[in-house]
Asks: 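Take this structure first; my questions come after.
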Amino acid sequence: MRTSKYAIYEFLLFHFFVVFYWLSFPQKDSWAVTGLLFLMIAVLLILEYLRTRIFVSPLFFWIAFWLGAIALGRMFLTEAYPLHQEWSEPLLRLVLANTVVFYWAFLLGERGKGDAACLPADAGTRPIRVFGRDLADLVLVMLALASVAFIVNVLYMGVVPQLSGDANATRGSFIATRYYRIVSLMRFSLLFVPPAIRDTDSKEKKVCLVVLTGIYLFEEMLSGWRGFTLQAIILLATSYFLFSDITDTKIRRRNLLVALLAGLAVIAFIVYVTVTRDSTFDSFERRVRYAIENFYLYVAPNFLNFQTAMQKVQPKGYLLYTVEAFWGFFRNPWEIPQYVYADIEYNIGAYNVCTYLLEPFCDLGLSGTLLWSAVIAFFSGEAFGRCRRNPSGFWLVLLGIMNITIFYLHNNFFLRSTSLLLWLAAGGVISLLSTEKRE
């Protein structure tokens, strides 16, 4: 299969980025050096878009969020927060090794699948159905269930965190109820909104899907948790752009505008929640400064926390933290003796949290980090390739999960969540329940 020129340019520029990143480490605090790194990242994003014509490529997310995080995170900006330590060469080598492994594993997983547009529609023909007309009814039920569960939770708790004036004081208990678990469990249904709208012939159902989706997103914002809202946006965007007919120039231009507006809306939302979540910031100037510093503080400390773990934690030599999603069905982590399952983030004195490398390192050391980088990247490429060529409920859900996972790489090991396995199972069930496959 012929490789596009954009893929070749991207391949060469990525490896130049890695070499430059390594050689420029002595000047890591220079804004000029960091600016060059961000310029290369911008070009890589353009090349990745030209390669796929889709904004939701996992590699697009990875270039933006992981390469962007390691470019900014290695700087030492003491005026933002007294971090007390800087990047060491062992951390540099480990991060770069995982970066290269991720890129190569993604290419291996994708293996050239889906070079054509996802679900191509020839001129003058009706786009093929993916799941069938019945999907709209199922998605409407799931969205309605989630929306009602949120309202019941508000009545049960007697508070709306984001409107309380101090969301930090209430948002933790707000999401710990059985009602909010329904809201979280139904989040994956946003992946099926675009194909449901596309496949149904009922205008009333199309309108209801749009309205309920808007209500669900608004409720997620009111929870006071940026992470949940961003998960929902990523899932919806993944499906929206994936099911767009990218063979149409007008649609590609529309998608570019939608992506730009969505990006600006996400930034505005993050800033809004940041400056309103803590009631102690009463002046506008302090709120703006706090919001700007948080972009740096949500990246840099997490790498330094991981560096502390590299120095203090002795890897167990077997899988424990990284497979919590599986054994979480059977036991609560806090019920396991501390000498078996310790709170590693607390034990290393983490300022916030660590990168996704922490749990794999605590299980298997350096080899564990390389293993999980390869696993995440390979299945990201596999899911993306399959969804472009022959989408199904399972692979669509997996693609959404991988995009969220990549978004969190600098901040979390998202795959520890048990609910993700339920999402995957539900995606498979939706494919089975869809009576109409293709026309």
Side-chain angles (χ1 to χ4, degrees), residues 6-48 51 58-78 80 83-109 295-296 298-311 315 354-358 360-361 364-378 380-381 406-411:
Y6 302 115
I8 296 174
Y9 297 156
E10 179 188 285
F11 181 87
L12 295 175
L13 181 58
F14 168 75
H15 289 88
F16 179 80
F17 174 93
V18 171
V19 173
F20 181 81
Y21 189 93
W22 171 266
L23 295 178
S24 65
F25 185 67
Q27 292 81 40
K28 63 182 180 61
D29 299 325
S30 168
W31 278 110
V33 169
T34 303
L36 287 174
L37 290 173
F38 275 106
L39 177 61
M40 284 187 276
I41 290 171
V43 176
L44 284 169
L45 288 173
I46 294 172
L47 291 173
E48 175 61 14
R51 183 180 77 89
L59 199 60
F60 188 92
F61 275 82
W62 182 75
I63 291 169
F65 297 115
W66 179 252
L67 295 190
I70 65 174
L72 178 64
R74 70 175 187 171
M75 298 186 73
F76 187 63
L77 304 180
T78 55
L83 298 176
H84 306 301
Q85 60 174 319
E86 299 185 48
W87 275 39
S88 64
E89 288 211 7
L91 176 61
L92 170 70
R93 290 193 293 269
L94 186 144
V95 166
L96 276 184
N98 279 274
T99 300
V100 173
V101 165
F102 189 102
Y103 184 80
W104 277 90
F106 180 88
L107 297 182
L108 180 63
F295 282 103
Y296 174 73
Y298 269 109
V299 173
N302 300 337
F303 285 96
L304 297 179
N305 289 338
F306 174 65
Q307 181 170 264
T308 300
M310 292 172 60
Q311 300 163 352
C354 290
T355 71
Y356 80 109
L357 301 170
L358 176 63
F361 179 85
L364 299 175
L366 172 62
S367 61
T369 66
L370 298 176
L371 169 65
W372 277 100
S373 291
V375 167
I376 295 170
F378 179 84
S380 295
I406 292 171
F407 173 77
Y408 278 118
L409 289 184
H410 72 282
N411 193 250

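Keep in mind that what you see is a predicted model, and the values were worked out from it rather than measured.
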Asks: Is there any salt bridge (charged side-chain N to carboxylate O under 4.0 Å, His left out) pair reaching into residues 11-24, and which pairs are they, with sequence neighbours excluded?
Replies: none
Asks: L47 and Y6: which non-hydrogen atoms are nearest, and at how many Å?
Replies: O-CB, 3.9 Å
Asks: Identify the two heavy atoms, one from F76 and one from Q85, that lie closest to each other, and give their separation to 0.1 Å.
Replies: CE1-O, 3.3 Å
Asks: Check whether any side-chain heavy atom of R51 lies under 4.5 Å from a side-chain heavy atom of Y9, and answer yes or no.
Replies: no
Asks: Enumerate the salt bridge (charged side-chain N to carboxylate O under 4.0 Å, His left out) contacts for residues 16-26, please, sequence neighbours excluded, ordered by first and then second residue.
Replies: none
Asks: Kindly determine whether L357 and W372 satisfy side-chain contact (heavy atoms from CB on, under 4.5 Å), including the steps that lead there.
Replies: CA-CA 8 Å; L357 301 170; W372 277 100; over 6 Å; no
Asks: Minimum heavy-atom separation for Y21 and R74, please, with both atom names.
Replies: O-NH1, 2.9 Å
Asks: List in chain and number order the residues that pass side chain to side chain contact (heavy atoms under 4.5 Å, CB included) with F378, two or more places apart in sequence or in another chain; answer none if no residue qualifies.
Replies: L108, R111, E382
Asks: In terms of side-chain heavy atoms, does S88 have a donor or acceptor partner in Q311 at a distance below 3.5 Å?
Replies: no
Asks: Under the side-chain contact (heavy atoms from CB on, under 4.5 Å) criterion, do I41 and I63 qualify, and how do the steps go?
Replies: CA-CA 7 Å; I41 290 171; I63 291 169; 4.0 Å; yes
Asks: Output all residues satisfying ring pair (Phe, Tyr, Trp, His ring centres under 6.0 Å) with F20, sequence neighbours left out; order by chain, then residue number.
Replies: none
Asks: What closest approach, in Å, do A69 and H410 show between heavy atoms, and which atom pair accounts for it?
Replies: CB-CB, 3.7 Å
Asks: Taking atom OG1 of T34 and atom CE of M75, what is their separation to the nearest 0.5 Å?
Replies: 4.0 Å
Asks: If the condition is side chain to side chain donor-acceptor pair (under 3.5 Å), which residues does T369 pass it with, not counting sequence neighbours?
Replies: N98
Asks: Who are the side chain to side chain contact (heavy atoms under 4.5 Å, CB included) partners of P315, not counting sequence neighbours?
Replies: F361
Asks: Under the side chain to side chain donor-acceptor pair (under 3.5 Å) test, which residues partner W66, sequence neighbours left out?
Replies: T99
Asks: With respect to F102, which candidate in Y356, F14, W62 satisfies the ring pair (Phe, Tyr, Trp, His ring centres under 6.0 Å) definition?
Replies: W62
Asks: Working to the nearest 0.5 angstrom, can you tell me the gap between L39 CG and L44 CG?
Replies: 10.0 Å
Asks: Taking side chain to side chain donor-acceptor pair (under 3.5 Å) as the definition, give me every residue that meets it alongside E10, ordered by chain and number, with sequence neighbours left out.
Replies: Y103
Asks: Starting at CZ of F17, measure out to CG of L67 and round the result to the nearest 0.5 Å.
Replies: 4.5 Å
Asks: Scan residues 26-40 for pairs that pass salt bridge (charged side-chain N to carboxylate O under 4.0 Å, His left out), counting only residues two or more places apart or in two chains.
Replies: K28-E86
Asks: Here's a test for you: under side-chain contact (heavy atoms from CB on, under 4.5 Å), which of L92, L96, V33 qualifies with F25?
Replies: L92
Asks: Is there a side-chain contact between L37 and M40 (heavy atoms, below 4.5 Å)?
Replies: yes
Asks: Y298 and N302: which non-hydrogen atoms are nearest, and at how many Å?
Replies: O-ND2, 3.0 Å
Asks: Classify the ring geometry of F61 against F65: parallel below 30°, tilted from 30° to 60°, perpendicular beyond 60°.
Replies: tilted
Asks: Would you please name every residue forming a side chain to side chain contact (heavy atoms under 4.5 Å, CB included) with F60, sequence neighbours left out?
Replies: L45, E48, Y49, F55, S57
Asks: Ignoring hydrogens, what is the shortest heavy-atom contact between S373 and V101? Give both atom names and the distance.
Replies: CB-CG1, 4.4 Å
Asks: Restricting to side chain to side chain contact (heavy atoms under 4.5 Å, CB included), what partner residues turn up for I46, sequence neighbours left out?
Replies: L50
Asks: Please check: side-chain N/O of Y296 versus main-chain N/O of L77, any donor-acceptor pairing under 3.5 Å?
Replies: yes
Asks: Output every pair passing salt bridge (charged side-chain N to carboxylate O under 4.0 Å, His left out) with a member in residues 30-39, not counting sequence neighbours, ordered by first then second residue.
Replies: none
